[in-house]
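So the structure is just underneath, and the comments pick up after that.
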Number of protein chains: 2
Amino acid sequence: MTAKRVPPAQLAPQLRDAITRLNRRVRQARPVGDLTVTQLSALTSLKLAGALTPRELADIERVQPPTMTKIVAKLEERGLVQRTPHPTDGRQVILAATAGGRAVLEQFERARNEWLADRLAALTEGERDTLRRAAEILQQLARA
Amino acid sequence: MTAKRVPPAQLAPQLRDAITRLNRRVRQARPVGDLTVTQLSALTSLKLAGALTPRELADIERVQPPTMTKIVAKLEERGLVQRTPHPTDGRQVILAATAGGRAVLEQFERARNEWLADRLAALTEGERDTLRRAAEILQQLARA
DNA sequence: TCACAGTCGTTAGCTTAACTAATGAGCCTG
DNA sequence: CAGGCTCATTAGTTAAGCTAACGACTGTGA
């Protein structure tokens with residue numbers, strides 16, 4: 001387990017390929033249900049942030065405001081998101097996940113993790129430890 | 001750097017979070033151009049495999065055959081993919097990336113890798129080595 | 001040998017998700 | 001307090017996915 005010198009330009013394509021492919025697989029393992037990937041993603045961001053305006057949520061999701069309007073409308077229809085007026089600015093709206101929204105989210109989370117957890121269980125301790133360290137570095141990269 | 005025991009059920013959410021977030025970031029870094037993500041993905045798979053039937057390509061891309069028909073049609077319009085009849089089976093078609101398709105692909109690849117390569121360059125040698133080993137494990141997971 | 005069941009790719013028609021442009025309500029500054 | 005800006009939404013378009021159905025072709029069993 002000696003550390004090889006790894007040129008970034010060579011690691012980048014390999015890592016990217018691994019990530020995009022694994023991402024597809026994980027997405028496919030999503031359970032049947034009436035929530036789409038987009039809605040799920042928005043609801044997750046909302047839950048993590050606590051409360052956001054549509055604009056902020058759109059920025060986080062890298063989506064245009066009109067798109068977020070539609071996503072939020074669908075989530076609201078199902079009672080997963082609550083829309084309250086902004087206390088001081090009459091133009092703005094405050095979005096927050098309802099208790100129902102948070103519950104649905106946890107259910108999805110569990111199902112989505114299942115596939116991956118099964119695969120991880122088949123690895124060696126050493127491999128899992130490598131992935132654990134890698135996950136930390138990757139999260140840091142994504143934040144940057 | 002001692003290997004900690006890592007329960008799969010705990011690693012799964014962390015790894016998944018890291019992967020989905022990083023995946024979003026990498027996708028956002030794609031250059032302006034008239035190729036969509038879907039088309040790009042299909043063209044990449046086709047280039048990697050060399051030559052495939054529509055059905056095979058649809059399976060790889062995890063898409064239904066009619067969807068692949070449309071994707072291929074658009075790629076063919078732009079001259080990036082060539083469609084030739086199967087030598088023995090009159091029902092089948094053989095798809096292959098043209099020289100132009102491969103050239104466009106390399107251009108996109110470079111631009112997409114750039115963002116990630118920049119970030120990777122800022123890491124330590126040890127961190128890059130961890131990611132290299134992780135990438136191998138992840139690719140194996142995605143294949144499973 | 002040839003009828004027929006199965007496969008392959010495609011077409012048709014629908015839903016969802018994204019975009020840009022335009023609109024209306026509300027805020028704030030000169 | 002008028003005009004310009006921001007925020008959210010509406011309207012309309014395009015892309016991407018699906019299922020159902022079809023037409024061409026293959027290959028097998030009687």
Side-chain angles (χ1 to χ4, degrees), chain A residues 20 23-25 27-46 49 51-78 80-96 108, chain B residues 20 23-24 27-28 30-46 49 51-78 80-96 108:
Chain A
T20 56
N23 194 50
R24 277 192 208 165
R25 288 306 296 260
R27 290 205 162 196
Q28 280 153 20
R30 109 191 120 93
V32 285
D34 44 8
L35 269 195
T36 66
V37 173
T38 311
Q39 291 165 8
L40 195 59
S41 176
L43 188 54
T44 304
S45 293
L46 196 51
L52 294 169
T53 66
R55 159 78 60 175
E56 289 167 338
L57 186 52
D59 286 346
I60 289 171
E61 291 292 305
R62 306 285 166 165
V63 139
Q64 293 303 308
T67 303
M68 190 47 68
T69 294
K70 284 193 188 172
I71 296 170
V72 168
K74 293 209 174 137
L75 290 172
E76 200 186 11
E77 264 176 32
R78 293 166 208 259
L80 306 178
V81 157
Q82 198 174 12
R83 197 197 303 251
T84 58
H86 191 284
T88 64
D89 190 334
R91 296 166 301 182
Q92 294 187 45
V93 174
I94 306 290
L95 304 174
F108 272 86
Chain B
T20 56
N23 194 50
R24 277 192 207 166
R27 289 204 161 197
Q28 280 154 19
R30 109 192 120 93
V32 286
D34 46 4
L35 267 195
T36 67
V37 173
T38 311
Q39 290 165 11
L40 195 59
S41 176
L43 187 54
T44 304
S45 292
L46 196 52
L52 294 168
T53 67
R55 160 78 59 174
E56 288 167 338
L57 185 52
D59 286 346
I60 289 172
E61 291 293 303
R62 305 285 167 166
V63 140
Q64 293 303 308
T67 303
M68 190 47 67
T69 295
K70 283 192 191 176
I71 297 170
V72 168
K74 294 208 174 138
L75 289 172
E76 201 186 11
E77 264 176 33
R78 293 168 208 259
L80 307 179
V81 157
Q82 198 174 12
R83 197 198 302 254
T84 57
H86 191 284
T88 63
D89 191 333
R91 295 166 301 181
Q92 293 188 46
V93 174
I94 304 291
L95 304 174
F108 272 86

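Heavy-atom basis, side chains included; hydrogens, waters and symmetry copies ignored.
For A:T36 and C:dA17, the shortest distance from a side-chain N or O to OP1 or OP2 is below 4.0 Å. Taking 4.0 angstrom as the limit, A:K74 places a side-chain polar atom (N or O) nearer than this to OP1 or OP2 of C:dA17.
Closest approach of A:T44 to A:L40, counting heavy atoms only: OG1-O, 2.7 Å. Taking all atoms of both residues into account, the shortest heavy-atom contact from A:A42 to A:L75 is CB-CD1, 4.4 Å.
Protein atom CD1 of B:I71 is 12 Å distant from nucleotide atom P of C:dT10, rounded to whole Å. To the nearest angstrom, C1' of C:dT11 lies 17 Å from CE of B:M68.
Residue A:E56 is classed as having no contact, given no heavy-atom separation below 4.0 Å to the nucleic acid. Across all strands shown, A:T69 has heavy atoms under 4.0 Å from base atoms, whether or not it also approaches the sugar-phosphate.
Of the inter-residue distances, the one linking B:I60 atom CD1 with B:L46 atom CG reads 8.5 Å to the nearest 0.5 angstrom.
Annotation: side chain to side chain contact (heavy atoms under 4.5 Å, CB included) contacts of A:T53 (sequence neighbours excluded): A:R55, A:E56, A:Q92, A:I94. The side chain to side chain contact (heavy atoms under 4.5 Å, CB included) test applied to B:P54 returns B:V93, B:L95, not counting sequence neighbours. Judged as a side-chain hydrogen bond (donor to acceptor under 3.5 Å, both in side chains), and not counting sequence neighbours, the contacts of A:E76 are A:R83. With sequence neighbours left out, B:D59 forms a salt bridge (charged side-chain N to carboxylate O under 4.0 Å, His left out) with no residue at all.
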- Message: How would you summarise protein contacts on nucleotides 19-30 of chain C per nucleotide, using B for base, S for sugar-phosphate only and - for none, with heavy-atom distances below 4.0 Å?
- Response: BBB----BS---
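Chain B approaches DNA chain D within less than 4.0 angstrom (heavy atoms of the protein), and the contacting nucleotides run 5' to 3' from D:dA15 to D:dT26.
Two residues are said to be in side-chain contact when any heavy atoms from C-beta on lie closer than 4.5 Å; B:L80 and B:L35 meet this criterion.
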